[in-house]
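These notes are about the structure you will find just below.
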Amino acid sequence: HNPKPAPGDLVLPLPKGQEIVFRPVPLGSGGNLFAWKRFTLGDPYGGFKENPTQAALGGSFLYEMDGKKEWVYYLAKYELTRAQYYSLIKPGPKVPSSDLKSSLPMNKLSGFQAMQFVDLLNQWLYQNHMQKLPSYGGIPGFVRLPLEEEWEFAARGGGKVSPDDFDRKLPFAGNPAAYEWYSGPKSSHNKIKKSGLLKPNPLGLHDMLGNVTEMTHSLYRVEYYQGRPGGFVARGGHYLTSAKSLRTSLRTEEPFYLVTRKGPPKSNQKATLGLRLAISSLVFPNRSTAQEMASAWGEYRKGAGAG
């Protein structure tokens with residue numbers, strides 16, 4: 001359940017009395033068809049793996065803000081909990097009954113198990129609560145893992161912070177322990193914590209930089225957008241990450257399988273790895289949208305889209 005309701009929360013039901021809450025992430029670029037948000041990924045602190053790189057991010061839904069249309073995408077307000085996960089996935093015999101109602105983040109999942117949950121969630125929502133999903137062009141959106149660009153833009157505070165604050169390692173002032181769970185006696189005591197206990201970031205998102213590292217839908221490339229693709233990207237720190245290592249740009253490559261000398265490869269399932277969901281849409285939900293974009297393309301390429 002949503003312990004800290006806030007204006008703009010999008011609440012979607014789940015089976016067994018559970019629900020999942022999303023926050024709109026506005027791009028701040030207006031409502032034009034080709035309104036992208038350009039920003040810098042990365043941080044020199046992270047070395048060559050986080051080399052500052054220009055990115056352009058688009059939204060999925062048109063959202064009314066201050067009387068104007070604005071592109072947004074949705075990101076879950078909290079990390080996916082065990083209760084949410086087991087509302088759709090039948091627990092195995094070794095799963096303690098307490099997990100079925102637990103607000104601890106769901107961890108020890110492989111990337112494939114995460115995608116299985118996403119598929120089951122979409123199918124359940126389409127069959128039972130399709131009208132509650134945001135839509136674009138008359139077509140309902142769908143749940144997925146976020147891209148790493150979407151994750152980092154939201155972790156930095158998006159359009160809710162000044163450009164100077166956006167470029168900071170942390171999107172909040174004051175004691176980091178008020179906002180994030182990290183290693184040590186001043187914070188997590190090296191134990192996983194329930195989702196949503198601490199203060200949110202400027203977009204209203206909880207536990208973005210700590211507690212569990214979060215899977216994304218992106219494959220790892222050293223330069224974000226080029227180079228050979230590897231495992232999947234996980235973003236943020238976790239309850240064993242040091243305070244000095246917390247930052248909005250923190251990214252790691254996670255293998256799909258763990259290979260050892262003993263026995264066959266196993267799926268990568270870590271205690272420190274969890275996930276946070278996003279809601280997206282089709283780019284071309286119908287013929288009229290495709291025609292509108294085709295008509296606007298020439299003008300776009302003469303201006304902001306040139307190059």
Side-chain angles (χ1 to χ4, degrees), residues 14-16 18-21 75-122 124 143-146 148 151 155 180-184 187-198 205-220 230-242 245-246 250-278:
L14 290 173
K16 301 179 181 178
Q18 293 295 313
E19 61 187 22
I20 185 166
V21 186
L75 201 58
K77 188 174 181 176
Y78 308 103
E79 293 165 332
L80 184 76
T81 69
R82 298 177 188 182
Q84 291 168 335
Y85 181 80
Y86 288 120
S87 73
L88 278 168
I89 301 292
K90 184 177 179 181
K94 295 183 180 180
V95 174
S97 58
S98 59
D99 275 12
L100 307 186
K101 295 183 179 181
S102 175
S103 58
L104 287 170
M106 188 64 206
N107 59 350
K108 301 181 182 178
L109 287 182
S110 70
F112 304 108
Q113 288 173 311
M115 292 301 295
Q116 179 193 29
F117 176 81
V118 166
D119 178 44
L120 289 175
L121 175 56
N122 279 313
W124 188 85
V143 177
R144 60 167 169 78
L145 295 175
E148 68 167 322
W151 190 97
E180 303 293 349
W181 296 112
Y182 52 87
S183 178
S187 183
S188 75
H189 293 265
N190 295 356
K191 294 182 179 180
I192 195 169
K193 301 294 182 179
K194 292 180 179 180
S195 294
L197 295 180
L198 302 179
L205 303 168
H206 294 261
D207 305 315
M208 282 293 287
L209 307 184
N211 210 19
V212 290
T213 301
E214 298 172 9
M215 302 180 191
T216 74
H217 201 69
S218 299
L219 294 180
Y220 191 95
F232 64 89
V233 178
R235 296 302 306 249
H238 50 73
Y239 60 92
L240 297 179
T241 300
S242 66
S245 296
L246 283 184
L250 184 59
R251 67 197 291 253
T252 54
E253 179 186 17
E254 288 291 341
F256 287 97
Y257 298 96
L258 299 177
V259 181
T260 66
R261 296 180 180 179
K262 298 180 180 179
K266 296 181 179 179
S267 294
N268 179 13
Q269 299 168 300
K270 291 182 178 177
T272 55
L273 185 61
L275 64 144
R276 181 187 305 266
L277 298 173

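Residue numbers count from 1 along this sequence. Note that the structure is predicted; figures quoted are calculated from it, not measured. Side chains are part of it too, since the values below use all heavy atoms of this structure and drop only hydrogens, waters and symmetry mates.
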Evaluate side chain to side chain contact (heavy atoms under 4.5 Å, CB included) for E79 paired with Q84, printing each intermediate quantity in order.
-> CA-CA 10 Å; E79 293 165 332; Q84 291 168 335; over 6 Å; no
Applying side chain to side chain contact (heavy atoms under 4.5 Å, CB included), run through H206 and L197 and close with a yes or a no.
-> CA-CA 8 Å; H206 294 261; L197 295 180; over 6 Å; no
May I have the step-by-step check of side chain to side chain contact (heavy atoms under 4.5 Å, CB included) for V212 and I192, ending in yes or no?
-> CA-CA 7 Å; V212 290; I192 195 169; 3.6 Å; yes
Show your working on side chain to side chain contact (heavy atoms under 4.5 Å, CB included) between L240 and N190 and close with a plain yes or no.
-> CA-CA 6 Å; L240 297 179; N190 295 356; 3.6 Å; yes
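Put simply, CZ on R276 and CD1 on I20 are 10.0 Å apart, with the number rounded to the nearest 0.5 Å. With values rounded to the nearest 0.5 angstrom, E214 atom CD is found 10.0 Å from L277 atom CG. Note that the NZ atom of K270 and the CG atom of L109 stand 14.0 Å from one another [nearest 0.5 Å]. If you take OG1 on T81 and CG on L14, they are separated by 8.5 Å, rounding to the nearest 0.5 Å. Once rounded to the nearest 0.5 Å, the distance linking NZ of K193 with OG of S188 reads 6.5 Å. Atom CE of M208 and atom CG of L75 lie 5.5 Å apart (nearest 0.5 Å).
The nearest pair of heavy atoms linking S110 to S267 is CB-CB, 3.7 Å. Closest approach of A76 and L205 over heavy atoms only: O-CD2, 3.4 Å. Between W151 and P146, the shortest heavy-atom distance links the atoms CD1-CG, 4.4 Å. Scanning both residues, V118 and V143, for their nearest heavy atoms gives CG1-O, 3.2 Å. For the pair L273 and A234, the tightest heavy-atom approach, listed with the atom from each and the gap, is CD1-CB, 3.9 Å.
Within the 3.5 Å criterion, the main-chain N or O of E180 finds a donor-acceptor partner in the side chain of S187. A donor-acceptor distance shorter than 3.5 angstrom exists from the side chain of D207 to the backbone of G196, with no hydrogens or angles considered. Judged by distance alone, the side chain of E254 and the main-chain N or O of F232 form no donor-acceptor pair under 3.5 Å. Listed for the Q18 side chain is no donor-acceptor partner under 3.5 Å among the backbone atoms of S87. The backbone N or O of A278 lies less than 3.5 Å from no partner atom in the side chain of R144, so there is not a single donor-acceptor pair. In this structure, the side chain of S218 engages the main chain of E148 through a donor-acceptor pair within 3.5 Å. Checking side-chain atoms of N211 against main-chain N and O of W181 turns up no donor-acceptor pair under 3.5 Å.
Side chains of Y239 and T272 form a contact here, defined as non-hydrogen atoms less than 4.5 Å apart.
Residues F112 and Y257 bring their aromatic ring centres within 6.0 Å.
Here ring pair (Phe, Tyr, Trp, His ring centres under 6.0 Å) pairs that include residues 80-101, with residues two or more places apart or in two chains, are Y85-F117.
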Got a list of side-chain donor-acceptor pairs under 3.5 Å for residues 90-99, not counting sequence neighbours?
unit_1: D99; atom_1: OD1; unit_2: R82; atom_2: NH1; d: 3.4

